[in-house]
Student: 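Have a look at the structure that comes next, please.
Residue numbers start from 1 in every chain, and the chains themselves are labelled A, B, ... in the order their sequence lines are given, proteins ahead of strands. Small disclaimer: the values here were computed from a predicted structure and weren't measured.
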Amino acid sequence: ASADVPIVAAATSLNPALNEVAELFRNRTGGAVRVSYGSSGNIARQIIHGAPFEVFLSADENLVLSLVDRSLTIDGGSVYAIGRLALFVPHGSSIQSDNELRDVKTAVSDGRLQRLAIANPQHAPYGRAARQLLEQVGVWDRIEDKLVLGESASQAAQFAVTGSVDAAIFSYSLTLSAVISQRGTVTLLPEQWHQPVRHRMVLLKGAGRTATAFFSFMQEPATRHILATYGFTGPGASR
Amino acid sequence: MDWSALTLSLELAAWTTAILIPVGVLIGRTLALRKFMARSLVEALIALPLVLPPTVLGFYLLVAFGGASPLGKIYEALVGRPLVFSFQGLLLASLIFNLPFAVQPVQRAFESLPVQIREAAWCCGMTPWRTFRYIELPLVWTGMLSAIVLTFAHTLGEFGVVLMVGGNIPGETQTIAIAIYDRVQALQEQQAALMSAILLGFSFVMIGFIYYLSDRTRRNHVR
Amino acid sequence: MDWSALTLSLELAAWTTAILIPVGVLIGRTLALRKFMARSLVEALIALPLVLPPTVLGFYLLVAFGGASPLGKIYEALVGRPLVFSFQGLLLASLIFNLPFAVQPVQRAFESLPVQIREAAWCCGMTPWRTFRYIELPLVWTGMLSAIVLTFAHTLGEFGVVLMVGGNIPGETQTIAIAIYDRVQALQEQQAALMSAILLGFSFVMIGFIYYLSDRTRRNHVR
Amino acid sequence: MYADRNSGLQVRLQQILPIPLDAQLHCDMGELLVLVGPSGSGKSTILRCIAGLADAATGLVRFEDFVWLDTESGVRLSPQKRSVGLVFQHYALFPHLSALENITVVLDGLARNRRRADARELLELVNLNGLENRRPDELSGGQQQRLALARSLARDPDVLLLDEPFSAVDQITRRKLQRELARMRHHLELPIILVTHDLDEACVLADRMCILHRGETLQSGAPYEVMSRPQTETVARLVGLSNLFKGKVLGHDSVRQITLLDWAGYTLQCGHHPEVQPGQTVNWVVPPENVILHRRHRPSRGERENPVNGVISDFVVLGGDASITMLVNGDPHKPLSFSLSTHVAHRNGLGTGEHIRISLLAKGIHMML
Amino acid sequence: MYADRNSGLQVRLQQILPIPLDAQLHCDMGELLVLVGPSGSGKSTILRCIAGLADAATGLVRFEDFVWLDTESGVRLSPQKRSVGLVFQHYALFPHLSALENITVVLDGLARNRRRADARELLELVNLNGLENRRPDELSGGQQQRLALARSLARDPDVLLLDEPFSAVDQITRRKLQRELARMRHHLELPIILVTHDLDEACVLADRMCILHRGETLQSGAPYEVMSRPQTETVARLVGLSNLFKGKVLGHDSVRQITLLDWAGYTLQCGHHPEVQPGQTVNWVVPPENVILHRRHRPSRGERENPVNGVISDFVVLGGDASITMLVNGDPHKPLSFSLSTHVAHRNGLGTGEHIRISLLAKGIHMML
Ligand SMILES: Nc1ncnc2c1ncn2[C@@H]1O[C@H](COP(=O)(O)OP(=O)(O)OP(=O)(O)O)[C@@H](O)[C@H]1O
Ligand SMILES: Nc1ncnc2c1ncn2[C@@H]1O[C@H](COP(=O)(O)OP(=O)(O)OP(=O)(O)O)[C@@H](O)[C@H]1O
Ligand SMILES: [Mg+2]
Ligand SMILES: [Mg+2]
């Protein structure tokens, strides 16, 4: 059965957007896929060790490129979305949100900001972006010891929704979930302050017809639309 | 609620427990009754799977079982499909990871078995197997109970190793633990809470029932 | 090699073990010696932390300890700093998570204590405390040993709960398990392997030494 | 029956389940009471009740003015508060401690040196010097038993409860320990209850003896009294009396102070037992020492009393004594045992199958209802 | 010494550590050998060696033509392969099984019904009927012991090893069990080795008796033989002989077949012991039955033999016998014990402090090196 129903490995951040895409794909083409979510790093490693995935939707472009280098893919794949960062300030926090992080800077100085959650810049793409952004704003040095690092952007968001941090910076797409929007204020941050978070997908060696079809389906306007409603803007000019 | 994930978890836990308890009894008994030089070292070795973070252990197991490894190659040659990202691979990883839980309580139970009772069995002409079956096993039963409960519960909740070795394939290697994790990651709090509650309730009833039964058998022995 | 993470892990494991063993002895002894209706239920309850995936458990603990929770508020009011993302919070989570490992082996050990020996102690006029200290404790020692090793090892390797409740703050809540995980995620495989090897070697020597010592004391008792 | 006496140890226990008990004991200061009864009659259970390890449904345990147990008023002291020394039937030594430590661990409150000195003294008392550092599982059965005895004394108890404390030691050591116990008893002046199966031991040691049967205390009194004047057939059996028969009362002769008994075709003259009714069937017993052989060549004292004929069915020589069983009138259901000096037996040419004639001394015949 | 005999059970064990052993035993088919020795002398250890639970440094255990242990040729059968029934001193019952199951579990290979029937029969044999469903911890000490005895028989063993199998049961049950054992012995024709501390039991049951001391077998033979003719002073002490003294050999009179002994100022005529040298100091013993009181009114047989004077230091009446200790010449280091019929004692006005004269029968005096 697995020959007919390819496994699509996708970054955790695509949940639940991708579920909706898969649903639409089934309705449109009659083809079914199974989605295996995980951190992009884990998925890449699993692919290296022979995981039976046919499509890889990564949150981290570099990981895809490293697979390409190892000739585990059919081609170089394509970027299916560009991620943005958002500032989330939970209700009850004394931080004022603004899209230039002015109050964050002040709060760092006057001690109001004790804990800021981001994803781990060591390996999470949104963590790297957050770090670039904070460096750009010029608070990185002062804020470094106030950081709470999530394994992924999603975990940074979890820190935020439990009210355990004063503010958090993670992917804009997550802020669209009901849980987040109900529990704090969300501010989209300028995209030029960090390198774009490019989400690249790729067809893996051995991908079958359904997988190829799904890969193309990912680039169709209907899909783009769904992704957009979940906060993933299309590649547009970036490609 | 993702019932297939729950079923898969229960299956994995049941298999792990079923395979591991005999292994635990064998190893635990040997460690308890035989005195050999390297005993402390073997005991320490068995505790080691606990020390590594599960995901990392999972990563190394992935390397060890993967298609590039000798084990993986042999398995694939024999069975015709890869060991990793399959239920079998998951099970193997789960067995390794839960070894300490299966060995330790049983070993302690064997250690507290009075020597004279085994000697009495021998002097009654009971074969080693009969002695084991009718004298030793019933007397180490509570130790096995601990082993069963710890192994079972820990397999249900295990996530890092399973995610890594199994690859989170729905219906195949996606356990309930991973399914819940996915929901939490996707910030679907209500779904996650519901699944957690079901898992907890289910386990609570199940483990409580195991304890209750064993209590009753112990009391029944009295009659 | 990240020595501060290793130190932190060892500290956490040591504290967890040091606090949990007395608790485990208390609970395990009560469960073993007192007969009450809800015993099976309490026993099942204690096994429950194992059933949830650690990250998920961590998430719920984060909710329970967080600034919005009553516990978090009380703690912050008393101590002046939040419970979560602190060593104390980590410790509390670790205590909850390791409870089954501390209780089960000790409970079994108490269960296998012959009644007559405690009765003899009473009839010799030994106070309950003296009986506990000089008769019961030495006789349940191997059970405690299992509890110590399982708790210690499991705390070293625990990652999901710690990451969630601790927030991976270097030098404060970043344990060696998290550090290794981060290296693995960042594809720094050699560093990860080095750290894993050091952690494993260290634990192996340490646990082996604990076993060796306890073996020797048991033998020394003989002299 | 002792409810009004306030000295020593008083015990009254009653229950139906789990083990039927209906026991009444009293043991004065400095007195040694031996509890005798068949296996499973509840001896250990009674000691456990006294020590506070088991509870009777209703009962009273009082030592001097201290009430240890009173189910009526709800008093129930813990074992620690009842100052008893108990030797368990199965010893219950502390398996992880050396012989010396088994004792020092009990000696609370003393300085360390003092504890060790005291413990060594106790070990010496029970002949265990030299084995101080052995753990119980490295001691022989008898050595373990002696250690248990020493430990029970360590607490300096007010009451000593000994459950077959000498069953596993050889006779020489046993005699030594019995002597020690006797010495201690007079020295320490405490009530001692001792369970034993050895009636000789009971007779030698006991001030009083109490017979227990199915949880019920049947008779107590001086050992010789109990052994020679059992109140019931059961007691007679329990103390191992032979020569126990049933006979029919013919009547009383109050002038000669005798009671006449019809048995096996003989009319036996017995000591006066006014409490039995003519026509009644009673149990009677004659101790072997009141059986006199009619010798061949010279008449013995008392030959006129109750002469009885029989055939020797069993003739066993054991050292200087010959033990003889005679079937009265040849009836295998009426075996009568007695013993003689071996040389007397030989002089009279006794042996299996010989026909002999004996006399039962009237004053030795004891009747029971 | 039995190395050439090939029947029954032959045992030879030697070692220094951990427990010194130097034992040589032989027990024929149908024979009951009683092993007697002080506590800690190694009795249990020897049984364990025979059963295969312990190993001696060097030794041989052979049953009929089967070698169970031969350290020289390296043969060492497992306990299962040695068909022994062993009653452990501490019973070692299976705690989780009922009395019945404790036996059925041993009966391998039989049909279930048959097993239960056999087990019930064994339980009946030891008077445990009605207690089939009790677990060991719900049985009294004596009941446990009997269960252990029943279990040891379940295997239908070739050799029976009993480590104080009756120590915890009352005399009536004990006698019944002893009778059963005697019956079984003649019926089953197997070698039985029994450890006991009860010399009376030993005398009643034993075909042969073996005296063990510090792991060494000192003497074996018929009980009466060992008790009356101990080869050494140690044996004499171990079998509890009183009247044990040291004297100096004066010389032999080969005509009258006597040996003369100087003791306490008397010249004693003794049975002929040509093996002792004049001038040598020897141990000698006189059994109480060879001590004759010089009666006040009529002379007894043998009064001319070895008359000795003394003062009564102890006079205890126990039933029909009076047990008397006399200090020879009033010397407290020379106590001499004997017993008399109570009525003889009374007729002669005996009592503590009385001066009496006795005779030691020459043929009763036994000398040891
Ligand atoms: N837990 C129990 N449940 C039911 N019956 C019991 C239990 N424990 C003991 N008994 C029974 O109670 C009776 C009395 O036991 P106890 O140990 O007091 O006897 P005992 O007189 O000491 O005998 P022994 O001389 O054999 O030691 C026995 O018949 C025994 O089987
Ligand atoms: N593990 C051991 N290590 C050292 N000595 C031991 C060990 N076990 C027993 N012994 C000693 O060996 C000797 C013989 O023990 P054994 O049990 O054979 O004596 P026993 O004759 O059966 O005595 P009892 O009549 O008291 O049962 C004893 O002095 C005992 O202390
Ligand atoms: Mg008893
Ligand atoms: Mg012994």
Student: Tell me if a side-chain donor or acceptor on E:Arg155 pairs with a main-chain N or O of B:Cys123 at a distance below 3.5 Å.
Tutor: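 Answer holds: yes.
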
Student: With only heavy atoms counted, which part of B:Pro114 is less than 4.5 Å from chain E, the side chain, the backbone, both or neither?
Tutor: neither

Student: More than 12 non-hydrogen atoms from neighbouring residues, nucleotides or ligands closer than 6.0 Å to OH on B:Tyr212, yes or no?
Tutor: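 Counting other residues, nucleotides and ligands, OH of B:Tyr212 stays at 12 neighbours or fewer.
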
Student: Give a yes or no on whether the backbone of E:Val105 and the side-chain of B:Arg130 come within a donor-acceptor separation of less than 3.5 Å.
Tutor: yes

Student: So, taking the atom named OH in B:Tyr134 and the one named CG in E:Asp108, what distance separates them when rounded to the nearest 0.5 Å?
Tutor: 8.0 Å

Student: Can you list the residues of residues 112-128 of chain E that sit under 4.5 Å from chain B, counting heavy atoms only?
Tutor: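 Within residues 112-128 of chain E, no residue comes under 4.5 Å of chain B, counting heavy atoms only.
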
Student: Taking non-hydrogen atoms and a cut-off under 4.5 angstrom, which of residues 77-94 of chain E neighbour chain B?
Tutor: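 E:Pro79, E:Gln80, E:Val84, E:Leu86, E:Phe88, E:Ala92, E:Leu93, E:Phe94 fall under the 4.5 Å cut-off.
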
Student: Output the distance between atom CZ (B:Arg118) and atom CG (E:Leu53), rounded to the nearest 0.5 Å.
Tutor: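 The CZ atom of B:Arg118 sits 11.0 Å away from the CG atom of E:Leu53.
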
Student: Take atom CG of B:Leu78 as the centre, draw a 6.0 Å sphere, and report whether it contains more than 12 heavy atoms from other residues, nucleotides or ligands.
Tutor: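 For B:Leu78, atom CG is crowded (more than 12 foreign heavy atoms under 6.0 Å).
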
Student: Minimum heavy-atom separation for B:Cys124 and E:Val106, please, with both atom names.
Tutor: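 Scanning both residues, the minimum pair turns out to be O-CG1, 3.3 Å.
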
